[in-house]
Amino acid sequence: MTEFTRPIRRLFGRQARATNVPATPSKPEPVVAPPADGSPTTTPITVDIAESDALMAYLQVAPGPVDLGRLDLESPAVTALRESGVSLVVPLISQGELIGTLNLGPRLSEQDYSTDDRRLLTTLAAQAAPAIRVAQLVRERAHEAAERERLEQEMRVATLIQQQFLPRQLPNLPQWQIAAYYGPARAVGGDFYDFIEMPGGRIGIAVGDVTDKGVPAALVMARTHSVLRAEASRSDSPGTILARANELLVPEMPARMFVTCLFAILDPETGRIVMANAGHNLPYIRTDEGVTELRATGMPLGLLPGIVYEETEGVVAPGSNVLLYSDGLVEAHDPNQEMYGFPRLREAMTVDDAGSELLDRLLDTLHKFTGPEWGQEDDITLVTLRRATGVAGEHPAEPDASQLVTAFSVPGEEGNERIAMDRVAAVAAGLGLGPARLERLKTAVSEAAMNAIEYGSQGRPEVPVDIVVETTTEAVVVRITDRALSGDVPDDAEAPDIERKLAGEQKPRGWGLFLIKSMVDSMDVTTDGSTQTVTLTMAREEPTDG
């Protein structure tokens, strides 16, 4: 299309109205032509003119009124206008732009339009065009103002809806400090968090992020929130809750949208936390030994049906912090377009703060990084939990009470069994085990972790092995959990016999389980279908015959 036809695009948004007297187009509508007999118009006849019609380009440069009877132009619009009784078209030009036309039928005298008639029509068009353009602009501005008001009203309603879905108050748990922050990038956003009461005094914790912003994301967020709450009332398995929610959301999810979500169930009494993850950022746990991630993987909600979500389990030790967050924090940029990133967040987590103090310090760190002129790019959600080391005025736990010493994960790749062994040994060294028993525990942990890496993770670094160490006054308990990618391992290890193995009467393998079982006082293997846990128990004192 040549340069001079570009303004025509605006014209076709507001096509002209034709009558048997001069008419002024003021809103987008088809051309209306008079009856062919010249009688007054009673029922308008509609003529549609396409954007690319040659008539529009011709009128843009026409010097005055155009006689359709003498116009030699391949144009469906010209044919339609002729059939509708229009004989003369006067273009209305304002500031070089064709804004409409005056369409006239034949004169009642059946004579042609004279030179004086055409001159008068040209003068009228020159005076009418600016006034019509002003009227069009006024109406457009009024329409835009009404549309803005409508959108603002919708945003106010959407904001109110979203606020109704966020928790009105945080759980009040003894020996726990909980804080939460939600900051949308727009008036409404797609992030959400929730606390759900579960049976047995446990708390369900959900943090999610819809891959969009504004009203569409808020609507998807509201639906996801409702589905998660409904499914949490039917199951106490985070993996099952996410799987059922995914099946409900897949057929409803708008194109190119999905939801990342983390769902955890916390037992405040023991600090045990079970988590499943649908493509969300991994939570951080700060302990006295450093900052680790609680790992679990899975596809975001709403993408594909039939997804299974793995679960991971850990224990929040007294004095430890947990952070659940959305990617608006780590993906924030400073004025030089440097991203805040995970290393900064991990470093910020190393300080031992109470829940609300940690949240405030993270936001202060973010604002110092981004600067005062920062334009927030994405929604930010932060949920922090801290388990207190004790409550003033209370006595220590009873001697037989179970106490978490540490919980951590190692990547499922060869060689990390030594990391697991060393960390367990560092914890157990201060628990009164004799040197020989400590060495036996280290050997058992190393062998169990090696089996978990080789079979449970199949040597894949992204499939972690979780280790939890607990202690009582009588024993040290180590739980090693893998993802059972090679299937379940039986806990009834048969004592290996070299002669029977050579004869083919025993499987070639089996030394590892037997060795582990012989190194500790007891070994148990349990599975829930998606994970497998080897529990090693070592008495803190050497058992005697008595």
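Since the model is a prediction, treat every value here as computed from it, not as a measurement.
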Hits for side-chain hydrogen bond (donor to acceptor under 3.5 Å, both in side chains) against Arg346, two or more places apart or cross-chain, chain-then-number order -> none
What are the two closest non-hydrogen atoms of [X] and [Y], and how far apart are they?
| X | Y | result |
| --- | --- | --- |
| Leu438 | Ala428 | CD1-CB, 3.8 Å |
| Met538 | Leu441 | CE-N, 3.8 Å |
| Tyr340 | Leu329 | CB-O, 3.6 Å |
| Ser320 | Thr287 | OG-CG2, 3.6 Å |
| Tyr193 | Pro167 | O-CD, 3.3 Å |
| Met523 | Ile516 | SD-CG2, 3.5 Å |

Passes side-chain hydrogen bond (donor to acceptor under 3.5 Å, both in side chains), Glu377 versus His333? Steps please.
CA-CA 8 Å; Glu377 304 154 78; His333 291 81; 3.0 Å; yes
Between the side chain of [X] and the main-chain N/O of [Y], is any donor-acceptor distance below 3.5 Å?
| X | Y | answer |
| --- | --- | --- |
| Gln376 | Gly183 | yes |
| Tyr181 | Asp360 | no |
| Ser233 | Ala230 | yes |
| Arg387 | Thr270 | yes |

Take a 6.0 Å sphere around [atom1] of [X] and say whether it holds more than 12 heavy atoms from other residues, nucleotides or ligands.
| X | atom1 | value |
| --- | --- | --- |
| Glu414 | CD | no |
| Glu269 | CD | no |
| Gln169 | CD | no |

Given salt bridge (Lys or Arg N to Asp or Glu O under 4.0 Å), test Asp524 with Lys517 step by step and report yes or no.
CA-CA 9 Å; Asp524 295 306; Lys517 203 165 189 177; over 6 Å; no
Quick one: side chain to side chain donor-acceptor pair (under 3.5 Å) pairs with a partner in residues 323-332, sequence neighbours left out?
Asp191-Ser326
Worked verdict on Arg460 versus Glu413 for salt bridge (Lys or Arg N to Asp or Glu O under 4.0 Å):
CA-CA 5 Å; Arg460 292 161 52 184; Glu413 59 183 335; over 6 Å; no
Member of Val520, Val477, Val478 meeting the side-chain contact (heavy atoms from CB on, under 4.5 Å) criterion with Thr537
Val477
Going by the rule salt bridge (Lys or Arg N to Asp or Glu O under 4.0 Å), which residues pair with Glu247 if we only count those two or more places apart in sequence or in a different chain?
none
